[in-house]
Enquirer: 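Let me begin by handing over the structure; questions about it come next.
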Amino acid sequence: MFRKIDTFLLCLVATILIATFFPCTGNGINFFQTLAIIVIGVMFFFQGARLSRRAIIDGMTNWRLHLAILGCTFVAFPLLGMGFHALFPTFLDADTWTGLLFLCCLPSTVQSSIAFTSIGQGNVAAAICSATMSNIMGIFITPLLTGLVVHQSASTQGGITSIMLQLLLPFMLGQMAQPWIGGWVHRYKQVISMTDRASILIVVYTAFSEAVVQGLWHRVPAAQIGRIMVADSILLLTVLILTTFGSRLLGFSRRDEVAIVFCGSKKTLASGVPMANVLFAGPMVGIIVLPLMIYHQIQLFVCATLARRYARSATGVRTDGIARQT
């Protein structure tokens, strides 16, 4: 029997096609960036309203999980990047390799890591703590790692206030409102979960629009883009295997495994582009961020499929509607 095509994956494809042929420009970019902030804020508000206080405390104290995610983000990724570069130095040109190594030094995403963890019915509380911690620490760690891995010394600052206002504040407000709206949020859980998917689609459209407007399809030959896609795919596949089987070997639960897989394999585009503008010279930035842009799209496609698979394994229901044993 043919499996039903993942609706969310089709939405991602449609979003990228729309961004390619009808990218937002000028004031449109500002509109969609603002819309993304609003939708993400709403998502975090409902996450706060849905999670119990006990789950938050357990998530904050799960130090083994946080160490596993941060170790993958800031240790395993750079080592893999340097290893691939040592083995295949001519597979990409020098600037593109710099971009790929810079990608390996970045922190995890926040909104999509947590959204996919939520979709996959993983440990959302721990994912929120780890993803946010990764971004805050990345503000200081990424420039240092970049200097070591890419031999590019620079400094960057800021971002903590933005994370606090856009993510933690709505989450805390949701926690405060939980006594009054917690029951309503649980009754309409499936409807509210659409904010998770909507936030990802809006971020994809905005980011891909900016790349297209900057001449993504004209500045780099198709063959080079193909090689970047291969390198990014191998990197992501390696990390997914490492996080999946590593979490099982270390004895983590299924819910913790989901959080480790999605938080540990992601790299942030939202923070990566501003950091690249600070760490590298202006003419280089476009090429430097290209591996990150492509990796960002690949990780969304792959993780969307993985999240739905994790969700099916948790509920024991396939996409064709036939129940199975778990």
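These numbers were taken from a predicted model, which means no experiment stands behind them. Heads up: numbering here begins at 1 and tracks the sequence.
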Enquirer: Please examine the side chains of V302 and L236, heavy atoms only from C-beta on, and report whether any two atoms are closer than 4.5 Å.
Expert: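 Yes - at least one pair of side-chain heavy atoms lies under 4.5 Å apart.
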Enquirer: According to side-chain contact (heavy atoms from CB on, under 4.5 Å), who are the partners of I141, at least two apart in sequence or on a separate chain?
Expert: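 With neighbours one apart ignored, the set is F74, M137, L145.
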Enquirer: Could you go through the side-chain hydrogen bond (donor to acceptor under 3.5 Å, both in side chains) check for D93 and T96 one step at a time?
Expert: CA-CA 5 Å; D93 60 38; T96 307; 2.6 Å; yes
Enquirer: For H85, is there any backbone N or O sitting under 3.5 Å from a side-chain donor or acceptor partner on W97?
Expert: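 Flag not set: sc W97 to bb H85 has no pair under 3.5 Å.
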Enquirer: CZ of F31 to CD1 of I202: how many Å apart, nearest 0.5 Å?
Expert: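 Reported to 0.5 Å precision, the distance equals 8.5 Å.
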Enquirer: Only counting residues at least two apart or in another chain, list the ones meeting side chain to side chain donor-acceptor pair (under 3.5 Å) with N30.
Expert: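 Expected list: none.
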Enquirer: Do F22 and L17 touch side chain to side chain, with heavy atoms closer than 4.5 Å?
Expert: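 F22 vs L17: side chains apart.
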Enquirer: Sequence neighbours left out, what passes ring-ring contact (aromatic ring centres under 6.0 Å, His included) with F32? Give chain and number order.
Expert: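 In terms of ring-ring contact (aromatic ring centres under 6.0 Å, His included), with neighbours along the sequence ignored, F32 is linked to Y205.
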Enquirer: Kindly compute the distance separating NE2 (H66) from SG (C263), expressed to the nearest 0.5 Å.
Expert: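 If we round to the nearest 0.5 Å, H66:NE2 and C263:SG are 9.5 Å apart.
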Enquirer: Using atom types as modelled and distance alone, determine if a side-chain donor or acceptor of Q299 lies under 3.5 Å from a backbone N or O of K267.
Expert: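 Yes, Q299 side chain to K267 backbone: donor-acceptor pair under 3.5 Å.
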Enquirer: Not counting sequence neighbours, which residues clear side chain to side chain donor-acceptor pair (under 3.5 Å) with S108? List them please.
Expert: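 S108: side chain to side chain donor-acceptor pair (under 3.5 Å) contacts with S113.
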Enquirer: Residues two or more places apart in sequence or in another chain: which of them pass side chain to side chain donor-acceptor pair (under 3.5 Å) with R254?
Expert: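 R254 satisfies side chain to side chain donor-acceptor pair (under 3.5 Å) with no other residue.
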Enquirer: Please write out which residues are connected to F245 in a hydrophobic cluster, directly or through intermediates, given that two of Ile, Leu, Val, Met, Phe, Trp, Tyr count as joined at side-chain heavy-atom separations below 4.5 angstrom.
Expert: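 Besides F245, the hydrophobic cluster comprises L237, I241, listed by chain and residue number.
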Enquirer: Sequence neighbours left out, what passes side-chain contact (heavy atoms from CB on, under 4.5 Å) with C303? Give chain and number order.
Expert: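 Result, side-chain contact (heavy atoms from CB on, under 4.5 Å) vs C303: F116, F262, S265, K266.
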Enquirer: What residues form a side-chain contact (heavy atoms from CB on, under 4.5 Å) with V230, not counting sequence neighbours?
Expert: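 F91, I234.
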Enquirer: By ring-ring contact (aromatic ring centres under 6.0 Å, His included), which residues pair with F102, not counting sequence neighbours?
Expert: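 Residues passing ring-ring contact (aromatic ring centres under 6.0 Å, His included) with F102: F280.
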Enquirer: What is the distance from atom CG of D256 to atom CG of N62, rounded to the nearest 0.5 Å?
Expert: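 Taking CG in D256 and CG in N62, the distance rounds to 5.0 Å.
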Enquirer: Name all residues meeting the side-chain contact (heavy atoms from CB on, under 4.5 Å) criterion together with I181; count only those two or more places apart in sequence or in a different chain, and write none if there are none.
Expert: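 Testing I181 for side-chain contact (heavy atoms from CB on, under 4.5 Å), a comparison that skips the adjacent residues, returns F45, A49, A177, V185.
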Enquirer: What residue pairs, at least two apart or across chains, pass side-chain hydrogen bond (donor to acceptor under 3.5 Å, both in side chains) with a residue in residues 238-250?
Expert: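 The answer is R248-E257.
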Enquirer: Are L70 and L242 connected in the hydrophobic side-chain network, where two residues link if heavy atoms are under 4.5 Å apart?
Expert: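 Different hydrophobic clusters.
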Enquirer: Are there more than 12 heavy atoms of other residues, nucleotides or ligands under 6.0 Å from atom CE of M229?
Expert: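 No, not enclosed.
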Enquirer: Apart from I260 itself, which Ile, Leu, Val, Met, Phe, Trp or Tyr residues share its cluster (side-chain heavy atoms under 4.5 Å, direct or through members)?
Expert: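 Via sub-4.5 Å side-chain contacts, I260 links to L65, I69, L250, F252.
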Enquirer: With hydrophobic residues grouped by side-chain heavy-atom distances under 4.5 Å, do L87 and V150 end up in a single group?
Expert: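 Yes, same cluster.
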Enquirer: Between T142 (side chain only) and C105 (backbone N and O only), is there a donor and an acceptor less than 3.5 Å apart?
Expert: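 Here the side-chain-to-backbone pair exists.
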Enquirer: How are the rings of Y295 and F77 set to each other: parallel, tilted or perpendicular (split at 30° and 60°)?
Expert: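 Rings of Y295 and F77: perpendicular, over 60°.
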